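For reference, the structure is listed below as structure tokens.
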Amino acid sequence: MKLAFPSGVRAVVITVSDGCFQGSRQDTSGPAVADLLEQAGVAEVASEVVPDELDAIVAVLEAAAASSELVLTTGGTGLAERDVTPEATRRVCERLIDGLAERMRLEGAKQTPLAALSRAVCGTRGRSLIINLPGSPSGAVTSLEAILPLLPHAVDLLAGRTQHEGAAVPEASRHG
Amino acid sequence: MKLAFPSGVRAVVITVSDGCFQGSRQDTSGPAVADLLEQAGVAEVASEVVPDELDAIVAVLEAAAASSELVLTTGGTGLAERDVTPEATRRVCERLIDGLAERMRLEGAKQTPLAALSRAVCGTRGRSLIINLPGSPSGAVTSLEAILPLLPHAVDLLAGRTQHEGAAVPEASRHG
Amino acid sequence: MKLAFPSGVRAVVITVSDGCFQGSRQDTSGPAVADLLEQAGVAEVASEVVPDELDAIVAVLEAAAASSELVLTTGGTGLAERDVTPEATRRVCERLIDGLAERMRLEGAKQTPLAALSRAVCGTRGRSLIINLPGSPSGAVTSLEAILPLLPHAVDLLAGRTQHEGAAVPEASRHG
């Protein structure tokens with residue numbers, strides 16, 4: 001499995017939170033996610049903050065996907081009335097990747113059984129990979145760490161760099 | 001994690017079964033689910049029996065969700081031709097909670113590999129949590145027990161009582 | 001759990017691959033899947049090869065489901081631009097069986113973490129069970145082996161032979 005991101009990969013981290021958008025709450029999850037991506041070798045990490053509004057989330061997801069290989073959200077995946085990040089994500093994605101969301105919940109459940117309540121969705125739009133993370137800093141970090149080793153390969157596949165064109169994925173781990 | 005239901009929580013247990021509706025079969029799953037809820041501290045548990053008809057299930061789900069914080073079905077989640085409870089549930093739910101269904105199947109698989117064939121769906125409609133359980137008494141009880149500890153917290157979140165408003169959820173287990 | 005397929009069960013194995021369709025690549029996954037089914041007692045196994053085109057996949061899935069109890073695809077479940085087998089399968093299926101896809105990914109993850117990127121979907125159309133498998137021979141075989149013991153029972157349920165009509169499923173393993 002390829003562990004390094006290709007050079008020049010751009011990510012957008014979107015914090016979905018009424019409180020952070022209004023300034024009544026400090027965003028710690030967004031920066032924690034951005035740090036993790038930078039440490040993993042993502043070249044450029046931009047940040048956005050949006051309120052828990054379906055249309056606003058859809059708009060920022062579409063813009064981010066048009067400009068970046070990776071789009072990560074934090075927040076709005078729970079059961080509170082205004083938690084609609086997964087609904088916005090489903091609307092924007094052309095293809096879903098259920099296995100990434102399953103993997104995040106499986107790893108999250110080792111920390112807290114409440115991970116099962118995360119409604120996070122992952123998918124693709126064009127050549128961009130969109131990933132919902134929970135809103136709490138610990139939940140966001142745990143979830144991202146659970147799938148981070150898979151993301152360089154995913155970005156490669158979305159960019160059209162398949163394993164058949166000489167990548168270093170050994171036969172035994174081909175699974176497409 | 002909050003382990004007790006808030007006072008006054010109402011549940012409706014819906015048995016989906018042609019045989020039970022027609023009276024040719026005794027409903028043991030519905031009462032087993034109701035017992036479990038009462039033991040867990042749900043204040044009021046009502047029961048309904050409907051045939052395996054999509055429109056009938058949709059109607060009873062809508063009515064139950066309008067009046068109750070918890071709506072649980074048992075039956076109709078399998079592969080038989082008339083098993084359509086998940087389809088009715090998807091139609092009624094505004095938001096899906098894949099993680100609860102995953103959790104039920106994971107725990108169910110410890111009892112029988114056939115748990116993988118349960119097509120149970122969970123989601124929300126308004127402030128109500130809707131949960132499909134398998135039709136067999138043992139499958140229904142195993143599945144409910146797998147997620148029962150999460151339900152008080154889920155009911156709180158749906159009611160607008162979030163952890164930020166003073167609930168006893170420790171920081172480490174916040175995962176919204 | 002019933003381990004043998006009923007007599008006369010027909011399967012269609014569909015290889016979804018531009019390269020195999022055009023003849024520039026040899027199909028090894030399709031034959032590997034067909035071998036496994038024959039060893040498991042499936043009476044008749046037919047094979048098809050289609051390109052990674054949504055409409056072509058939909059058409060061959062519909063035809064296969066109309067004539068066979070089991071329809072298995074291999075290929076097109078990944079993230080490459082032309083991987084659309086799950087989208088075609090969702091369009092064709094009347095009911096989804098998330099638990100089978102979860103089970104395949106869980107078992108696949110024991111071989112390679114990349115299994116989480118398989119977007120395989122399972123479901124039913126009429127009395128036919130449709131299952132997506134990954135495109136690599138090892139991924140396809142691992143995934144099929146993960147659920148093969150469940151398929152005879154699933155075929156029985158879809159055919160209307162339920163456990164209530166005298167099948168050999170013990171009470172403890174009923175989970176419908």
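So you know, we letter chains A, B, ... as the sequences are listed, proteins then strands, and number each from 1. Because the structure is a prediction, the values reported are computed rather than measured.
With a 4.5 Å cut-off on non-hydrogen atoms, Ile147(A) does not touch chain C at all. Contacts of Arg95(A) with chain C are made by both backbone and side-chain atoms, with heavy-atom separations under 4.5 Å. Heavy-atom distances place both the backbone and the side chain of Glu81(C) under 4.5 Å from chain A.
Side-chain atoms of Asp27(A) come within 3.5 Å of backbone N or O of Ser29(A) as a donor-acceptor pair.
Within the 4.5 Å cutoff, no side-chain heavy atoms of Ile57(A) are placed close to those of Asp55(A).
Of the residues considered (Thr124(A), Leu100(A), Leu96(A)), Leu96(A) shows the highest number of contacts with chain C, using heavy-atom pairs under 4.5 Å.
A salt bridge links Asp18(C) to Arg82(C): at least one charged side-chain nitrogen sits closer than 4.0 Å to a carboxylate oxygen.
A donor-acceptor contact closer than 3.5 angstrom is absent between the side chains of Thr77(A) and Asn132(A).
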